[in-house]
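Start at 1 and go down the list; that is how both ligands and their atoms are numbered. No experiment lies behind these values; they were computed from the predicted model shown.
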Amino acid sequence: MNCFTTAWGEFELARFPEDPREQLRAWDAADEYLLRHLHEEAVPLDGAVTVLGDRWGALSTALASKAAGLTAVTDSYLASRAIAANLARNGLDPSAVAVRSTQDAPPSRVDVLLVRVPKSLALLEDQLHRLAPAVHEGTVVAGTGMVTEIHTSTLNLFERILGPTRTSLAVRKARLVHTAPAPDLARPANPWPLRYRLPDDVGALSGRQVANQAGVFCADRLDIGTRFFLQHLPEPTGAPRRVVDLGCGNGVVGTAAALADPRAELLFVDESFQAVASAEETFRTNLGPDRRAEFLVGDALADVPTASADLVLLNPPFHSHQATTDAIARRMFTGARRVLRPGGELRVVGNRHLGYHVTLRRLFGGCRTVAGSPKFTVLSATRR
Ligand SMILES: C[S@@+](CC[C@H](N)C(=O)[O-])C[C@H]1O[C@@H](n2cnc3c(N)ncnc32)[C@H](O)[C@@H]1O
């Protein structure tokens with residue numbers, strides 16, 4: 001836990017879930033810059049304020065007692081939990097911030113729109129489209145991000161969807177985005193969600209349609225690691241079994257498992273609301289309305305009962321800050337060990353260099369390589 005100093009006071013903040021081994025701060029210079037700007041410019045916060053994409057609740061917590069009608073819109077379950085936990089940690093009323101997911105109806109009016117620029121440009125595009133009808137000529141629109149996160153393409157989105165846009169000077173490697181809303185702007189259509197057909201060499205899913213909400217992992221094409229995984233999924237056993245697609249993204253992996261095994265009952269889990277909505281559409285498009293399945297937004301397997309699954313399929317998150325993603329993969333492996341029944345299998349695909357076999361061997365007491373390519377390995381670990 002760390003102390004976040006703002007013009008409006010000091011706040012104790014932590015990420016969610018708190019990891020004592022990783023004391024990563026729950027805010028950065030971009031959050032500080034935006035709050036300082038609001039204070040220095042005395043931006044009126046007594047109307048309907050919407051914060052889009054608050055990472056760990058720093059913006060929502062700092063503004064909770066200043067803005068009476070504060071709404072936080074997020075695609076991340078972890079962020080929504082962080083907002084609630086940080087409000088509580090600072091003795092703030094949890095109802096001070098109305099937390100909505102990116103799948104919920106957007107607010108009907110926005111007087112101040114604060115955007116923590118997301119990592120995914122597609123998610124920004126989709127959310128600006130969804131919020132645009134609530135923005136009016138007098139809306140103050142301010143975005144913030146680290147300089148590495150704000151590109152010409154980012155500014156173009158604000159410009160095309162909301163109105164004329166400029167950026168501030170960089171301060172401590174953070175930058176602000178200012179947009180003057182132009183309600184009469186001829187906005188292009190929102191291209192999201194995106195639906196496409198899979199290639200013909202991916203087993204049970206060949207030629208099938210996949211649905212992708214904005215921001216979902218590899219939303220416009222099949223990831224090469226996922227493709228390799230689809231070619232090396234376990235064979236059906238002939239017995240009914242409970243299969244978890246962990247970190248399901250658009251749901252291709254679990255949908256393939258369900259198509260290959262009519263007796264499999266699927267649970268799709270992801271921390272992204274956009275991902276779980278995509279997985280549900282992908283599954284229903286390919287398996288119809290009656291096939292049993294569950295769709296859960298959550299942190300790894302935290303909400304899944306112990307010894308309740310026979311197979312966990314996992315393509316763990318990677319790419320972002322190495323320390324964080326290692327921690328998430330570890331949490332997912334540990335969760336899988338807990339939710340698997342004795343004899344149950346965790347099957348994982350990963351980049352060869354990530355060395356997942358070491359962690360799996362330590363956790364499960366063994367690990368088998370099912371398939372390998374120069375880039376990827378598919379590993380299998382059995383719950384004893
Ligand atoms: C590499 S993608 C895999 C997506 C899909 N299974 C595939 O193979 O195409 C990893 C997924 O893990 C999800 N994820 C990241 N952190 C998570 C967490 N703590 N709990 C659940 N899912 C998480 C991401 O949102 C992302 O959809």
Heavy atom to atom 22 (N) of ligand 1, shortest distance: which of Glu271, Arg227, Gln274 holds it?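 Closest candidate by heavy-atom distance is Glu271.
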Who gets closest to atom 11 (C) of ligand 1 by heavy atom: Gly225, Ser76, Gly247?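 The nearest heavy atom belongs to Gly247.
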Within-cut-off N or O pair, [X] and ligand 1, under 3.5 Å:
{"X": "Asn250", "answer": "no"}
{"X": "Ala300", "answer": "yes"}
{"X": "Phe217", "answer": "no"}
{"X": "Asp270", "answer": "yes"}

Numbering the atoms of ligand 1 from 1, which are under 4.0 Å from a heavy atom of [X]?
{"X": "Gly298", "result": "20 (N), 21 (C)"}
{"X": "Arg331", "result": "19 (N)"}
{"X": "Met332", "result": "17 (C), 18 (C), 20 (N), 21 (C), 22 (N), 23 (C)"}
{"X": "Thr226", "result": "7 (C), 8 (O), 9 (O)"}

Identify the closest protein heavy atom to [atom]: which residue and atom is it, and at what distance?
{"atom": "atom 19 (N) of ligand 1", "value": "Asp299 OD1, 2.9 Å"}
{"atom": "atom 15 (C) of ligand 1", "value": "Pro317 CG, 3.5 Å"}
{"atom": "atom 10 (C) of ligand 1", "value": "Asn315 O, 3.5 Å"}

Nearest 0.5 Å please: distance from the CG atom of Asp326 over to the CG atom of Leu354.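 One gets 7.5 Å once the value is rounded to the nearest 0.5 Å.
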Once rounded to the nearest 0.5 Å, what's the spacing between atom CG of Leu38 and atom NZ of Lys66?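 The distance works out to 12.5 Å.
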Looking at Ile83, Leu24, Leu78, which one forms a side chain to side chain contact (heavy atoms under 4.5 Å, CB included) with Trp56?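 Considering Ile83, Leu24, Leu78, a side chain to side chain contact (heavy atoms under 4.5 Å, CB included) with Trp56 is found only for Leu78.
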Identify, with sequence neighbours excluded, every residue that meets salt bridge (charged side-chain N to carboxylate O under 4.0 Å, His left out) alongside Arg25.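 By the salt bridge (charged side-chain N to carboxylate O under 4.0 Å, His left out) rule, Arg25 matches no residue at all.
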Tell me every residue that passes ring pair (Phe, Tyr, Trp, His ring centres under 6.0 Å) with His39, counting only those two or more places apart in sequence or in another chain.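 Trp8.
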So that I can tick it off, tell me whether Glu18 and Arg89 are bridged by a salt bridge, with the cut-off set at under 4.0 angstrom between side-chain N and carboxylate O.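 Yes, Arg89 and Glu18 are salt-bridged.
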Residue part near ligand 1, for Cys218, under 4.0 Å between non-hydrogen atoms: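 Under 4.0 Å from ligand 1, Cys218 contributes no heavy atoms.
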Side-chain H-bond candidate by donor/acceptor type, [X] with [Y], under 3.5 Å:
{"X": "Asn315", "Y": "Thr226", "value": "yes"}
{"X": "Ser60", "Y": "Asp54", "value": "yes"}
{"X": "Asp220", "Y": "Asn212", "value": "no"}
{"X": "Thr144", "Y": "Arg116", "value": "no"}

If the contact criterion is a heavy-atom separation under 4.0 Å, does Pro316 count as touching ligand 1?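 Judged by the 4.0 Å heavy-atom criterion, Pro316 does count as contacting ligand 1.
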